[in-house]
Number of protein chains: 2
Amino acid sequence: MPTPSLPYTAQQEKLARYAKALSHPARIYILRFLDKQCACYVGNIVDELPMAQSSVSQHLKELKNAGLIQGTVEPPKIKYCINRENWREAQAMFAALFEER
Amino acid sequence: MPTPSLPYTAQQEKLARYAKALSHPARIYILRFLDKQCACYVGNIVDELPMAQSSVSQHLKELKNAGLIQGTVEPPKIKYCINRENWREAQAMFAALFEER
DNA sequence: AACACTTATCGTGTTTTTACGATAAACTAT
DNA sequence: ATAGTTTATCGTAAAAACACGATAAGTGTT
């Protein structure tokens with residue numbers, strides 16, 4: 001295996017990170033829900049999903065770390081919404097992957 | 001027997017499965033490579049990637065199980081290519097996720 | 001049959017993901 | 001202060017992902 005020590009391009013790494021964020025149905029659900037509702041509180045999402053509050057919180061954290069959502073504090077709640085800038089970037093990167101030839 | 005109520009829709013599960021297939025940079029690389037080359041042998045891919053042949057084989061298996069690629073035997077080699085039907089389906093499903101509102 | 005070539009699979013160890021309950025942190029209201 | 005509400009984090013355990021070397025399986029050739 002004599003070839004490249006340079007592993008992957010930054011683009012490939014980034015797209016893989018976005019894809020990983022989308023790789024669990026609960027996170028697809030959350031994103032779809034936020035996209036429809038524009039914004040909502042954690043409690044609303046917990047009510048929708050068949051898992052513990054702590055698990056939902058963890059999925060939200062992963063989506064936030066991936067840059068796909070963002071939260072704003074509205075005491076005593078926290079409101080989450082799609083991060084539109086990165087959302088568009090992810091959209092473009094997936095589109096490019098499938099269109100390119 | 002009543003049908004068990006699944007927590008997520010079939011669509012969400014399917015999209016999550018496609019996303020998981022794309023969630024590793026090596027698999028992004030492979031798909032991109034196959035898309036460009038139209039088709040190639042396993043050896044060509046192994047030469048491109050900084051990992052063992054057995055690891056590449058495992059990534060190919062995952063992509064095949066996800067339905068994104070397919071292989072045809074051309075003794076003594078095996079030629080892989082994109083599964084265009086599922087490729088288009090994945091393209092449509094990602095596009096729908098990001099466009100929908 | 002024996003060999004060479006190509007790729008898949010096996011066995012193993014390490015790391016990451018996923019889920020949970022319990023607890024902490026931050027804020028409001030009484 | 002005390003209590004109540006909301007969400008994040010901690011600690012843990014089970015499962016899955018990932019990579020590797022070694023080996024098997026399949027095919028063509030001699």
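Letters A, B, ... mirror the listed sequences (proteins, then strands); counts begin at 1.
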Query raised in the report: Please, which pairs that meet salt bridge (charged side-chain N to carboxylate O under 4.0 Å, His left out) have at least one residue in residues 32-42 of chain B, sequence neighbours excluded?
Result: Glu100(A)-Arg32(B), Asp35(B)-Arg84(B)
Report task. Under the side-chain contact (heavy atoms from CB on, under 4.5 Å) rule, collect the residues that match up with Ala52(A), sequence neighbours excluded. Result -> Ser54(A), Ser55(A)
Query raised in the report: Between Leu60(B) (CG) and dT6(C) (P), how many Å, whole number?
Result: 16 Å
Report summary line: For residues 58-97 of chain B, the ring-ring contact (aromatic ring centres under 6.0 Å, His included) pairs (sequence neighbours left out) are Phe94(A)-Phe94(B), Phe98(A)-Trp87(B), Phe98(A)-Phe94(B), His24(B)-His59(B)
All N/O pairs under 3.5 Å across the protein-nucleotides 17-23 of chain C interface:
from    : atom 1 : to       : atom 2 : distance (Å)
dT17(C) : OP1    : Lys20(A) : NZ     : 3.4
dT18(C) : OP2    : Arg27(A) : NH1    : 3.1
dT18(C) : OP2    : Arg27(A) : NH2    : 3.4
dT18(C) : OP2    : Glu62(A) : OE1    : 3.2
dA19(C) : OP1    : His24(A) : NE2    : 3.1
dA19(C) : OP2    : His59(A) : NE2    : 2.4
dC20(C) : OP2    : Ala52(A) : N      : 2.8
dC20(C) : OP2    : Ser55(A) : OG     : 2.9
dG21(C) : N7     : Ser54(A) : OG     : 3.3
dG21(C) : O6     : Ser54(A) : OG     : 3.1

Query raised in the report: Of all of residues 71-84 of chain A, which get a heavy atom below 4.0 angstrom from DNA chain D, listed by number?
Result: Pro76(A), Lys77(A), Ile78(A), Tyr80(A)
Report task. Among residues two or more places apart or on two chains, list those pairs meeting salt bridge (charged side-chain N to carboxylate O under 4.0 Å, His left out) that have a residue in residues 72-81 of chain B. Result -> Glu74(B)-Lys79(B)
Side-chain polar contacts of residues 61-70 of chain B - donor-acceptor pairs under 3.5 angstrom, sequence neighbours left out - could you list them?
from     : atom 1 : to       : atom 2 : distance (Å)
Glu62(B) : OE1    : Arg27(B) : NH1    : 2.9
Asn65(B) : ND2    : Lys61(B) : O      : 3.4
Gln70(B) : OE1    : Asn83(B) : ND2    : 3.4

Report task. Using the test side chain to side chain donor-acceptor pair (under 3.5 Å), find all partners of Gln37(A) that sit at least two apart in sequence or belong to another chain. Result -> none
Query raised in the report: Using a heavy-atom distance cut-off of less than 4.0 Å, which residues of residues 32-45 of chain A contact DNA chain D?
Result: Tyr41(A), Val42(A), Gly43(A)
**Report entry** Residues which pass salt bridge (charged side-chain N to carboxylate O under 4.0 Å, His left out) with Glu89(A), listed by chain and number, not counting sequence neighbours
**Finding:** Lys14(A)
**Report entry** Value in whole Å for how far the C1' atom of dT6(D) lies from NZ of Lys61(A)
**Finding:** 17 Å
Query - Leu63(A) CG - dA8(D) P separation (whole Å) - result: 12 Å
**Report entry** side-chain contact (heavy atoms from CB on, under 4.5 Å) partners of Asn44(A), counting only residues at least two apart
**Finding:** Phe33(A), Cys40(A), Tyr41(A)
Report task. With sequence neighbours left out, write down each residue that passes side-chain contact (heavy atoms from CB on, under 4.5 Å) with Pro50(A), or none if nothing qualifies. Result -> Pro7(B), Tyr8(B)
Report summary line: Output for pair (Ile30(A) CD1, Leu22(A) CG), nearest 0.5 Å, gives 11.5 Å
